[in-house]
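Single-structure report; data block below.
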Amino acid sequence: MDRKQILNLYDWDPGVCFRHPSKGVVQTAVVGVIHPRDDGEREVRGCADCVINLEDIRREQAARAGAEYKPGQLGEQVG
């Protein structure tokens, strides 16, 4: 899959990237969810470059583990 195909797997909305807050509000996708104490649930959002970087990390981890890599699953809750 190429970059555009991977990015198309995500829903994009304006937000602030967790790695690049100095960019201000840009198109972002949910890359994770955190549960701060006494504050419910918060989405962690990433810009396109960060989504691709995180997908690359997931692909490499899957290859090392001999597991199947499925793009487009950042931010999905497991369990």
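Side chains included, hydrogens not; waters and symmetry mates left out as well; all remaining heavy atoms used.
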Check: Arg45 side chain, Val16 main-chain N or O, donor-acceptor pair, under 3.5 Å: no
Min side-chain heavy-atom separation Glu55-Tyr10 under 4.5 Å: yes
Trp12 side-chain N/O to Leu7 backbone N/O, donor-acceptor pair under 3.5 Å: yes
Joint hydrophobic cluster, Ile52 plus Ile57, side-chain heavy atoms closer than 4.5 Å: yes
Residue pair Asn53 / Arg19: nearest heavy atoms and the distance that separates them: OD1-NH1, 2.9 Å
Common cluster, Phe18/Ile34, ILVMFWY with side-chain heavy-atom separation under 4.5 Å: yes
Taking every non-hydrogen atom, the tightest pair across Ala29 and Val51: CB-CG2, 4.3 Å
Those residues that, when tested against Arg64, pass side-chain contact (heavy atoms from CB on, under 4.5 Å) (two or more places apart): Glu60, Gln61
Minimum-distance pair of heavy atoms, taken over all atoms of Gly40 and Pro36: O-CD, 3.7 Å
Partners passing side-chain contact (heavy atoms from CB on, under 4.5 Å) against Arg59 (at least two apart in sequence or in another chain): Ile6, Asp56, Tyr69
Test item: Gln73 and Arg58 side chains (from C-beta on) under 4.5 Å apart, heavy atoms: yes
Sub-4.5 Å side-chain heavy-atom contact between His20 and Val26: no
Sequence-distant partners of Asp2, side-chain contact (heavy atoms from CB on, under 4.5 Å), two or more places apart: Lys4, Gln5
Side-chain (Gln27) to main-chain (Ala48) donor-acceptor, under 3.5 angstrom: no
Shortest non-hydrogen separation from Cys17 to Cys47 and the atoms involved: SG-N, 3.4 Å
Non-hydrogen side-chain atoms of Leu9 and Met1 separated by less than 4.5 Å: yes
From CA spacing to verdict: side-chain contact (heavy atoms from CB on, under 4.5 Å), Lys23, Asp49: CA-CA 12 Å; Lys23 287 183 178 180; Asp49 290 339; 4.1 Å; yes
Atom CZ of Arg3: over 12 foreign heavy atoms under 6.0 Å: yes
